[in-house]
Amino acid sequence: MSYTLDMTRRRTADARLAVAYVRVSTDDQQLGPVAQRASIEAWAAAAGVTVVAWHEDLGVSGAAPFEARPALQSAVADLVTHGAGVLVIAKRDRLARDTMTAAVVTRMVERVGATVTSADGNGNGTGPEAALMRGIIDAFAQYERALISTRTKAALSVKRARGERTGGIPLGCTTSADGVQLVADEREAVAVARILELRASGVSLVRIAAQLDVEGHRARGGRWHATSVARVIARAA
């Protein structure tokens with residue numbers, strides 16, 4: 001998704017107006033969108049601020065760059081649209097769990113005459129002390145993300161070593177009766193072998209998909225497509 005915003009545009013920002021941003025990733029166990037909204041609404045009521053727009057990035061990692069955050073892009077654009085002086089988030093790590101990303105977004109917000117504020121009060125304010133606090137909070141958020149990633153990879157590694165399913169069921173496999181172990185699916189295994197055979201002969205992805213349909217190899221989605229053939233080849237690489 002391409003995104004552009006005139007960051008040189010000068011305007012008068014109203015600190016009594018805010019644009020709210022909510023983010024939840026698949027790794028988050030707490031502070032869901034409802035809780036974040038409640039926190040922001042409580043802050044707005046106490047501060048006498050009107051939230052003029054809400055934007056939510058659901059299922060988006062805190063490590064994702066600005067370009068991969070459609071709701072955050074819209075939130076920054078709405079600061080200009082509504083003349084709002086505040087981009088409010090429930091907690092500082094909702095903006096990003098990556099120090100560089102948080103710094104980039106904060107700078108973009110500042111360039112349109114607004115500020116980033118967290119409803120819990122951590123990392124707000126101006127001056128060197130506030131800047132230091134924001135840096136510390138961002139650094140710890142990045143550390144937490146890295147820690148979660150390391151633990152997740154370790155857990156998945158153990159599951160894979162046990163032959164347990166760790167994600168989607170790849171073509172050529174099915175699950176055991178307990179739904180945990182991966183076992184071979186003979187019908188699909190034949191289709192996988194045929195795909196690899198045709199590809200080794202230099203047949204294009206589109207022609208492989210057509211040939212599978214002609215030969216009667218049933219795809220999970222009904223018909224074979226170049227993309228599904230490509231996924232099989234990539235997994236076998």
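Put simply, the side chain of D93 never gets that close to the backbone of G62: no donor and acceptor are under 3.5 Å apart. Side-chain atoms of E110 never come within 3.5 Å of backbone atoms of T115 as a donor-acceptor pair (strictly under, hydrogens ignored). One N or O on the side chain of S61 and one on the backbone of A63 form a donor-acceptor pair closer than 3.5 Å. Of the possible polar contacts, none joining the D14 side chain to the G83 backbone as a donor-acceptor pair under 3.5 Å is found. Formation of a donor-acceptor pair under 3.5 Å by the S39 side chain with backbone atoms of A35 is not found in this model.
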Please assess R194 against E215 for the test salt bridge (charged side-chain N to carboxylate O under 4.0 Å, His left out), listing each intermediate value before the final yes or no. CA-CA 10 Å; R194 183 60 172 147; E215 294 178 2; 2.7 Å; yes
Any chance you could lay out the side chain to side chain contact (heavy atoms under 4.5 Å, CB included) test for T50 and R16, step after step, and finish with the verdict? CA-CA 6 Å; T50 300; R16 297 168 299 177; over 6 Å; no
Quick one: do S25 and R94 satisfy side chain to side chain donor-acceptor pair (under 3.5 Å)? Show the steps, please. CA-CA 9 Å; S25 76; R94 297 303 87 193; 5.7 Å; no
Going through the checks in order, is the side chain to side chain contact (heavy atoms under 4.5 Å, CB included) test met by M108 and V112? CA-CA 7 Å; M108 293 181 70; V112 297; over 6 Å; no
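Considering only heavy atoms from C-beta on, H55 stays 4.5 Å or farther from V22 through its side chain. Looking at heavy atoms from C-beta onward, W43 lies out of side-chain contact with D120 at the 4.5 angstrom threshold. Put simply, the side chain of W54 does not reach to within 4.5 Å of the side chain of D78, judged on heavy atoms. Annotation: side chain of V19 is not in contact with side chain of V86 (no heavy-atom distance under 4.5 Å). Looking at T81 and V52, their side chains never come closer than 4.5 Å, going by heavy atoms from C-beta outward. You'll find the side chain of Q36 stays beyond 4.5 Å of the side chain of E56, heavy atoms only. For the pair V203 and E197, the minimum side-chain heavy-atom distance is 4.5 Å or more. Using a 4.5 Å heavy-atom cutoff, the side chains of T106 and L95 are in contact.
A distance of 9.5 Å separates CD1 of I89 from CZ of R23, quoted to the nearest 0.5 Å. With rounding to the nearest 0.5 Å, the separation of CD1 in I233 from CD1 in I208 is 4.5 Å. The CG atom of L212 sits 11.5 Å away from the NE2 atom of H225 when rounded to the nearest 0.5 Å. Of the inter-residue distances, the one linking E41 atom CD with R37 atom CZ reads 6.5 Å to the nearest 0.5 angstrom. Atoms CZ and OG, on R92 and S118 in that order, are 7.5 Å from each other to the nearest 0.5 Å. Considering CZ of R69 and OH of Y21, their distance stands at 4.0 Å, rounded to 0.5 Å.
Connection of W224 to V206 is not established within any shared hydrophobic cluster, with ILVMFWY side chains joined at heavy-atom distances below 4.5 Å, either directly or through further cluster members.
Between D213 and R223 there is a salt bridge, since at least one side-chain N of the basic residue sits less than 4.0 Å from a carboxylate O of the acidic one.
For the residue pair L17 and V49, the shortest heavy atom distance occurs at C-CG1, 4.1 Å. Here the closest non-hydrogen pair linking A13 and G85 is CB-CA, 3.7 Å. Taking every heavy atom of both residues into account, A18 and V88 meet most closely at CB-CG1, 4.1 Å. Of all the heavy atoms in A64 and T101, the pair that sits closest is O-CG2, 3.8 Å. Between V24 and P33 the shortest heavy-atom distance is CG2-CD, 3.4 Å.
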